[in-house]
Amino acid sequence: MKINRHYQELKDSYLFSTIAHKVSAYTAAHPDKSVIRLGIGDVTLPLCPAVVEAMQAAVAEMGRKETFRGYGPEQGYDFLADAIVAYYRERGILLDRSEAFVSDGAKSDLGNILDLFDKDNTVLIPDPVYPVYVDTNIMAGRTIRYMDANAENGFLPLPDEGVKADLIYLCSPNNPTGAVYSREQLKRWVEYALENDAVILFDAAYEAFVRDPALPRSIFEIEGARRCAIEFCSFSKTAGFTGTRCGYTIVPQELQRGGMSLNAMWLRRQTTKFNGVPYIVQRGAAAVFTPEGQRQIRENIDYYRENARIIASALRERGVWFTGGENSPYIWLRCPDGMGSWEYFDRLLEEANVVGTPGEGFGKNGEGFFRLTAFGDRANTEEAVRRIARI
């Protein structure tokens, strides 16, 4: 019997687990200190009323014999998939019902999609990066090459014709940096993918935070993307589903590789390995797309956007370099005084009692940078800014 030795290549601990241990140790040693957490990207506002009402109605349905539901379609109920397709159509993107797959979140699908690709493929991943992109490929033993995202290119790396890759991870608005690709920049990535017969895995989990109409919210706004891209979206940050779990993945019918349809492959994979998202959760997710649901989640998103503005304004006033904070819930700042990212983490925790995320945890290019999130409570966000300003 052989085990997967590639797990030995992973870091000993997941980034946010390390942070949690550090914060727990500090609070245990200083029980009188009030620690404000602006580190992990978890929401703090509750589910909107339209979602709660829809889920409560679904619970009642499950309690009656005539409306009870057992196993549902693994790829999602039609009522939710149709709502997703309509959501894209409102933005001028035409999808077929068969191209929308409901899941329990973007994180799961970003890892599970790798079942469709050979382990010999070369993967191109930005650095710094959301850890799941790297770790899932290390687990599979794939060759990883890194794009050089840095302050000079605004943490928005573009294709290098000298680098050949089969799978390309892009995230816009980006986690962790908050940077957002322009249409022209994404066009260059689509052209690169088509020229190299590659597939773009496009993480659009934060698309609802984009307010600038000049910026794309979907890879499918770019001509040719349907032949080279898969898009991953989530209700976690847009509708507060971090604890409820629901997302969706768009796999175009035109996407073919090696004489095989990736849409058909993903359908086969999901129907084999996934039993679908609970009916109650899908009813709640469908309510997000109703006029009332859209109005309510926009209010929540605007709340977080204002938090981001408060943080960004304070940094700008003090001349701190950063990206994000406008079309993204993340603020990616350069650590002051040439400090290392974990050094700055410790300083903020000990002197300001504020928790953020060290950039080094997202890759070597994250060293010297630091991520703050706008998902906190307003009063806590304002207090955190005051504390940071004092030091």
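- For the residue pair Asn121/Arg142, the side-chain donor-acceptor check at 3.5 Å is not satisfied.
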Query - Verdict with reasoning, Asp115 to Lys273, per side chain to side chain contact (heavy atoms under 4.5 Å, CB included) - result: CA-CA 11 Å; Asp115 281 3; Lys273 293 188 175 185; 2.9 Å; yes

Query - Worked check of side chain to side chain contact (heavy atoms under 4.5 Å, CB included) between Gln256 and Leu262 - result: CA-CA 6 Å; Gln256 309 271 334; Leu262 270 66; 5.9 Å; no

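- Side chain of Thr27 to backbone of Ser24: a donor-acceptor contact under 3.5 angstrom is found.
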Query raised in the report: Can you list the steps and then say if Val35 with Val355 is a side chain to side chain contact (heavy atoms under 4.5 Å, CB included)?
Result: CA-CA 7 Å; Val35 174; Val355 177; 3.5 Å; yes

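- Within the 4.5 Å cutoff, side-chain heavy atoms of Tyr304 are placed close to those of Val43.
- The line from CG of Leu267 to CZ of Arg269 is 12.0 Å long, rounded to the nearest 0.5 Å.
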Report task. Applying salt bridge (charged side-chain N to carboxylate O under 4.0 Å, His left out), run through Arg295 and Glu299 and close with a yes or a no. Result -> CA-CA 6 Å; Arg295 183 188 66 78; Glu299 290 178 356; 2.6 Å; yes

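- Under the 6.0 Å cut-off for aromatic ring centres, Tyr206 and Tyr330 qualify, their centroids lying closer than that.
- Nearest heavy atom pair, residue Gly359 against residue Ser341, reads N-CB, 3.4 Å.
- Nearest approach of Ile219 to Ala225, heavy atoms of both residues: O-CB, 3.2 Å.
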Requested in this report: Kindly determine whether Lys11 and Asp135 satisfy salt bridge (charged side-chain N to carboxylate O under 4.0 Å, His left out), including the steps that lead there.
Outcome: CA-CA 9 Å; Lys11 293 182 179 178; Asp135 290 353; over 6 Å; no

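- Side chain to side chain, Tyr26 and Asn353 meet the donor-acceptor criterion of an N or O pair below 3.5 Å.
- Hydrophobic clustering, with ILVMFWY side chains joined whenever heavy atoms are under 4.5 angstrom apart, groups Leu348 together with Leu315.
- At a threshold of 4.5 Å between non-hydrogen side-chain atoms, the residues Arg226 and Glu254 count as touching.
- With Asn300 contributing its side chain and Thr238 its backbone, the two residues share no donor-acceptor pair below 3.5 Å.
- A 4.5 Å side-chain heavy-atom check between Thr143 and Asn137 finds every atom pair outside the cut-off.
- Residue Ala28 comes nearest to Pro31 through the heavy atom pair O-CD, 3.7 Å, listed as atom of the first residue, atom of the second, then distance.
- Figure legend: cation-pi geometry between Arg91 and Tyr88, with NZ or CZ positioned under 6.0 Å from the six-membered ring centre and within 45° of its axis.
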Requested in this report: Might you work through the ring pair (Phe, Tyr, Trp, His ring centres under 6.0 Å) test for Tyr77 and Tyr279, ending with a clear yes or no?
Outcome: CA-CA 8 Å; Tyr77 285 99; Tyr279 171 73; 5.3 Å; yes

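- Of the N and O atoms on the side chains of Thr249 and Glu231, not one donor lies less than 3.5 Å from an acceptor on the other residue.
- One distance of note links CD of Glu382 with CD1 of Ile311; it measures 10.5 Å at 0.5 Å rounding.
- Taking the ring centroids of Phe289 and Phe235, they lie under the 6.0 Å cut-off.
- Thr177 places a side-chain heavy atom less than 4.5 Å from the side chain of Pro128.
- In terms of heavy-atom proximity, Arg305 sits nearest to Glu326 at NH1-O, 2.7 Å.
- Ser108 and Asn112 are not linked by any side-chain donor-acceptor pair at a separation below 3.5 angstrom, with hydrogens and angles left out of the test.
- Side-chain atoms of Lys164 and Asn196 form a donor-acceptor pair, as typed in the model, at a separation below 3.5 Å.
- Tested against Tyr133, the residues Phe202, Phe362, Tyr169 include a single ring-ring contact (aromatic ring centres under 6.0 Å, His included) partner, Tyr169.
- At least one side-chain heavy atom of Cys246 sits under 4.5 Å from a side-chain heavy atom of Leu80.
- Residues Arg347 and Cys335 have side chains not in contact (no heavy-atom distance under 4.5 Å, counting atoms from C-beta outward).
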Query - Step-by-step side chain to side chain contact (heavy atoms under 4.5 Å, CB included) determination, Cys228 to Arg257 - result: CA-CA 9 Å; Cys228 67; Arg257 290 294 183 273; 3.7 Å; yes

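- In this structure, Trp189 CH2 and Ile222 CD1 are separated by 14.0 Å, a value rounded to the nearest 0.5 Å.
- At least one donor-acceptor pair under 3.5 Å links the side chain of Arg183 to the backbone N or O of Ala214.
- Interatomic distance, Gln75 CD to Thr271 OG1, rounded to the nearest 0.5 Å: 7.5 Å.
- Side chain of Glu99 to main chain of Asp96: a donor-acceptor pair is present (N/O by atom type, distance under 3.5 Å, no hydrogens or angles).
- Using a distance-only test at 3.5 Å, with no hydrogens or angles considered, a donor-acceptor pair links the side chain of Asn307 to the main chain of Gly376.
- For Arg217, the side-chain hydrogen bond (donor to acceptor under 3.5 Å, both in side chains) test picks out Tyr87, Glu207, with sequence neighbours left out.
- Taking the six-membered ring wherever Trp is involved, the centroid distance between the rings of Phe155 and Trp332 falls below 6.0 Å.
- Here the side chains of Phe274 and Val102 are not in contact, with every heavy-atom distance at 4.5 Å or above.
- Here the CG-CD1 distance, from Leu38 to Ile40, works out to 12.5 Å after rounding to the nearest 0.5 Å.
- Panel note: side chain Thr67, backbone Glu61; a donor-acceptor pair is recorded below 3.5 Å.
- Counting only heavy atoms from C-beta outward, the side chains of Ile36 and Arg387 approach each other to under 4.5 Å.
- Every residue was checked against the side-chain hydrogen bond (donor to acceptor under 3.5 Å, both in side chains) condition with Asn327, not counting sequence neighbours, and none meets it.
- The closest side-chain donor-acceptor pair between Asn175 and Arg371 falls under 3.5 angstrom.
- The backbone N or O of Gly340 sits less than 3.5 Å from a side-chain atom of Glu343, completing a donor-acceptor pair.
- Asp160 places a side-chain N or O within 3.5 Å of a backbone atom of Gly162 that can act as its donor or acceptor partner.
- The hydrophobic clustering, which links ILVMFWY residues whose side-chain heavy atoms are closer than 4.5 Å, places Ile125 and Leu15 together.
- Partner of Lys187 under the side chain to side chain donor-acceptor pair (under 3.5 Å) criterion, out of Gln185, Glu191, Glu184: Glu191 alone.
- When all heavy atoms of Gly284 and Val51 are compared, the closest pair comes out as O-CG2, 3.5 Å.
- Contact between Leu215 and Ser182 at its shortest, heavy atoms only, is CD2-CA, 4.2 Å.
- A donor-acceptor contact shorter than 3.5 Å links the side chain of Asn365 to the backbone of Asp127.
- Taken together through direct or relayed side-chain contacts under 4.5 Å among Ile, Leu, Val, Met, Phe, Trp and Tyr, Val190 and Val123 form parts of separate hydrophobic clusters.
- Here Leu156 contributes atom CG and Leu186 contributes atom CG; the two are 9.0 Å apart, rounded to the nearest 0.5 Å.
- Judged purely by atom type and a 3.5 angstrom limit, Thr44 uses its side chain to pair as donor or acceptor with the backbone of Phe375.
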